[in-house]
Amino acid sequence: MADQQLLLSTGVSGTPFLYNREQTVDHLMLMTKLNAGLDRSASSLQLSIRTPERTQSNRNSRLLEICVNVWKQSGWSNSNRNKNALFPVLPVSIFLALCGLLSACGSTSSGPATAAAAPVITAQPASVTVTVGQPATFTVAATGTAPLSYQWTKNGSNVGTNSATYSTAATTSADNGAKIQVTVSNSKGSTPSSMITLTVNATATKPAITTQPVNTTVSAGKTATFTVAASGTATLSYQWTKNGTDVGTNSSTYTTAATTSADNGAQIQVTVSDSAGSTPSNTVTLTVISIPPPSTSINVLTYHNDIGRTGQNLNETTLTHSNVNSTSFGKKAFLTTDGLVDAEPLYVSNLKIGGVAHNVVFVATEHDSVYAFDADSFAQLWKVSMIPSGETTSDAVGGCGQVSPEIGITSTPAIDPNAGPNGTIYLVAMTKSGSTYFQRLHALDLTTGADLAGSPVAIQASVPGTGEGGNGTTVTFAPKQYKERAALLLLNGVIYTSWASHCDIDPYTGWVMGYNQNSLQQTSVINITPNGQRAAIWMAGAGLAADSTGNIYFLAGNGTFDDTLNSNGFPEHGDFGNGFIKLSTAGNTLAVADYFNMFNTDSESGSDTDLGSGGAMVLPDLQDSAQNTWHLAVGAGKDTNMYIVNRDMMGKFDVQNDNAIYQELNGVLPGGVWAMPAYFKGTIYYGSVSAALKAFPITNAKVATSAASASSASFGYPGTTPSVSANGTSNGIVWAVQNGGTAVLHAYDAGNLATELYNSSQAANGRDNFAGNKFITPMIANGKVFVGTPTGVIVFGELP
């Protein structure tokens, strides 16, 4: 049987010794001698130690000899110590070892020896994120046979001290992403830690609010949403308050619960915070209104308010000279759409949708969408698309940039609140499928936007003639070559459409078509250059105008005019390019009933200074001093002249002069006209290009040869098409949009355009700013002004 062994630690050098049973007996005998003879000499004591030692235990005996020498020095030198003082005087570790020997001697077995162990990492270092200038500290924890040593590395290079903790110097941005590792070692080996990352962020900056929340108005029962935008050091946090009490979530947007009248006037604020500090926003106001029953009398159902295109709303009781100013009037809302809004918004009062009465504003976009918005709460009521499956909106055909980047619904629709089961809105939409283009006339239910029975119908037409784009005997309408630019006209149960080209991309001619509003079947077609070319109908988006007897008036663009007239004074081949045209609709047949062409019409067409850039307006019946009643219409184009025609005898054509026209005011519209006028209380308002908005009074059925008043602002291209609001004949206000990257809505005293009541650039911090959109016409109804933009409709009105 192998000798049993005992592991002892001497406490002198930390070196363990193994004692077997035989060695233990020898050493106990030595200890007995020590206890028995303290008065013996040191030499004899040492000899007693050495003599009985066995050869194989010399090493352990020498250790005990050292212990005896220590004992002699600390114990023998004290004559008062008794002989039993050996164990107390010996170092504690020796004493414990000896006790262990005595215990082991009486035991029949002992445990195995404990082996040295390599390092084991029990807590890995962790990645650390600091800000530039701050130190970073990393820590590791490990076990294993002592002593343990530590070597830290940064990006593979040794750093730090022999420690379980490593702290960097003040960090810089160059330290960002550094890879940190530590290797723990002892006599049995080395263990590397996981690789971790030091992230150094830029110096924290206090949040800066880049977009402040804004005042918001909602109807009782609706939610209100407030939004803030801020910059700063990530991660930003947001705390909204309502009347000083925390509300909302940690978000840049706060939406209330359904509002009540008690929420009216609530003060809303948000504080944006990061590690560098906090920044409070402006305090804004939540206004909650109780919507009164919608008015039953205010409707804007067609372009520029009426079929005469006068642009006047004489039932405006809210907006006055006293409250239209930048303090009490301004931006109320923005109605977001999916595309450019070229069509003038339309308005229907007291329309029941889902059993609830609403004042509704209708918006059409170049993305071929139609929207219905509540005009008071601004909530979207419905939206529909005119794009059939497999088709898209049209591109800008031939690269023409007049309507870009897509063509959908360009012209202003027309509404009949009494047609169909719930009222009907009529519109023309352009689409394409591959290289095939479509123009379709739609009739939509006012309350849902759904196409009614028989809707839509494709626009198709042909007339006899040798005109451009035909086959020598017939001219056929080609959908790709045209866009419906001028507004639709609803007249005596017929929807009339008119067509413009894409820029001057040939071939094209001048088309007008009529469709029964109930069946959408085509009732009439006319081409005003059937044996010529061009003469498109643009009119800057203005609509075909009409009088009370069913005649239609418009201005044609540059195109063929037959200078040779027949016996009735009409062009011999029926080509009326660059003319002021009157169409008869008698018997559901379209025919030119009269016209006026300038004596220099050919040269104007050739130099592209034609009439077609402007819109025609039918004036109310006027009386002269002799009480004669005059039926007049007015129009202007690129040549800077204003043309006033007698609708009963327009003047036709004389190659020598224009003496046959009722009235011609040469040069009064500098820059030319790419717009249409408005009328109010015996005055015509015109805004030509790069000129002031001007007021031309009418006296004794004659238009003044110079303006009675003018705005201080000048209106760059394309000039401006004004609209008028008034309560009967009082509080007349002329509204005009100044186009530009940031457009400006102006409001002028209709009695004196030198008196500006308001413009949207007056309010501080760009409160009322909006993006410009050429040819847009403002629409006014029930105390609000609606203006189309590239991304929707901005709504102005009284501020809370």
Side-chain angles (χ1 to χ4, degrees), residues 461-478 481-482 485-486 496-514 524-539 544 551-585 589-616 633 635 637-639 643 645 649-658 660-661:
S462 62
V463 296
T466 60
E468 190 173 49
N471 61 8
T473 59
T474 303
V475 180
T476 301
F477 178 81
Q481 292 300 110
Y482 299 90
R485 184 67 189 92
Y496 290 98
T497 70
S498 55
W499 298 90
S501 65
H502 305 285
C503 296
D504 272 331
I505 299 174
D506 294 314
Y508 69 92
T509 50
W511 295 90
V512 179
M513 307 174 199
S524 54
V525 176
I526 189 172
N527 190 310
I528 62 169
T529 48
N531 297 295
Q533 64 174 347
R534 302 194 171 183
I537 302 166
W538 305 86
M539 299 198 299
L544 299 172
N551 297 300
I552 297 172
Y553 301 85
F554 64 92
L555 304 176
N558 54 301
T560 302
F561 178 77
D562 305 326
D563 292 353
T564 301
L565 308 180
N566 63 23
S567 58
N568 294 317
F570 287 79
E572 62 176 346
H573 299 302
D575 298 318
F576 293 87
N578 193 25
F580 199 145
I581 311 297
K582 173 183 179 180
L583 296 181
S584 168
T585 62
T589 300
L590 286 169
V592 177
D594 202 355
Y595 73 98
F596 166 75
N597 267 69
M598 296 72 65
F599 76 96
N600 59 343
T601 186
D602 291 339
S603 64
E604 287 199 353
S605 280
S607 61
D608 196 29
T609 52
D610 54 279
L611 284 178
S613 60
K638 302 173 188 175
D639 65 4
Y643 298 96
V645 296
M649 189 170 60
M650 295 181 66
K652 294 186 174 61
F653 172 73
D654 187 324
V655 72
Q656 299 297 323
N657 55 60
D658 294 340
I661 192 174

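Note: hydrogens, waters and symmetry copies are ignored here, and every other heavy atom, side chains too, is used. If you read the sequence from its start, that first residue is 1, and numbering goes on from there.
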Would you say the side chain of [Y] lies within less than 4.5 Å of the side chain of [X], judging by non-hydrogen atoms?
| X | Y | answer |
| --- | --- | --- |
| Glu572 | Asp563 | no |
| Leu555 | Ile581 | no |
| Leu565 | Phe570 | no |
| Asn558 | Glu604 | no |
| Leu590 | Val525 | no |
| Phe554 | Leu583 | yes |
| Ser501 | Gln481 | no |
| Val463 | Ile526 | no |

- Intermediate values then yes/no, side-chain contact (heavy atoms from CB on, under 4.5 Å), Lys582 and Tyr553: CA-CA 5 Å; Lys582 173 183 179 180; Tyr553 301 85; 3.4 Å; yes
Could you check whether any side-chain N or O of [X] sits under 3.5 Å from a backbone N or O of [Y], counting only pairs where one atom can act as donor and the other as acceptor?
| X | Y | value |
| --- | --- | --- |
| His573 | Gly532 | no |
| Ser603 | Asn600 | yes |
| Asp658 | Ile661 | no |
| Thr560 | Gln533 | yes |
| Thr529 | Gly510 | yes |

Can you name the closest pair of heavy atoms from [X] and [Y] and give their distance?
| X | Y | answer |
| --- | --- | --- |
| Gly569 | Lys652 | O-CD, 3.6 Å |
| Asn597 | Gly577 | ND2-O, 3.0 Å |
| Ala535 | Ala556 | O-CB, 4.4 Å |
| Pro464 | Pro530 | O-CB, 3.8 Å |
| Met539 | Ala616 | SD-N, 4.0 Å |
| Ala660 | Gly651 | CB-O, 3.4 Å |

- Test Trp499 against every option in Tyr508, Phe477, Trp538 by the ring-ring contact (aromatic ring centres under 6.0 Å, His included) rule and name the one that passes. Phe477
- Message: Name the residue from Phe653, Phe599, Phe580 that meets the ring-ring contact (aromatic ring centres under 6.0 Å, His included) definition with Phe561.
- Response: Phe653
- Check the pair Asp575, Ile528 against side-chain contact (heavy atoms from CB on, under 4.5 Å), reporting the backbone distance first and the verdict last. CA-CA 5 Å; Asp575 298 318; Ile528 62 169; over 6 Å; no
- Message: What's the separation between atom OG in Ser605 and atom CZ in Arg534, rounded to the nearest 0.5 Å?
- Response: 9.5 Å
Pairing donors with acceptors under 3.5 angstrom, does anything connect the side chains of [X] and [Y]?
| X | Y | result |
| --- | --- | --- |
| Asp639 | Thr609 | no |
| Asn531 | Thr466 | yes |
| Thr509 | Asn527 | yes |
| Asn471 | Thr473 | yes |

- Determine, step by step, whether Ser584 and Asn551 satisfy the side-chain contact (heavy atoms from CB on, under 4.5 Å) criterion, reporting the C-alpha distance in whole Å, the side-chain angles of both residues, the deciding distance to 0.1 Å, and the verdict. CA-CA 5 Å; Ser584 168; Asn551 297 300; 4.1 Å; yes
- Task: Evaluate side chain to side chain donor-acceptor pair (under 3.5 Å) for Thr601 paired with Asn578, printing each intermediate quantity in order.
- Result: CA-CA 7 Å; Thr601 186; Asn578 193 25; 3.1 Å; yes
- Task: Evaluate the criterion side-chain contact (heavy atoms from CB on, under 4.5 Å) for residue pair Lys638 and Asp608; output intermediate values, then yes/no.
- Result: CA-CA 8 Å; Lys638 302 173 188 175; Asp608 196 29; 2.9 Å; yes
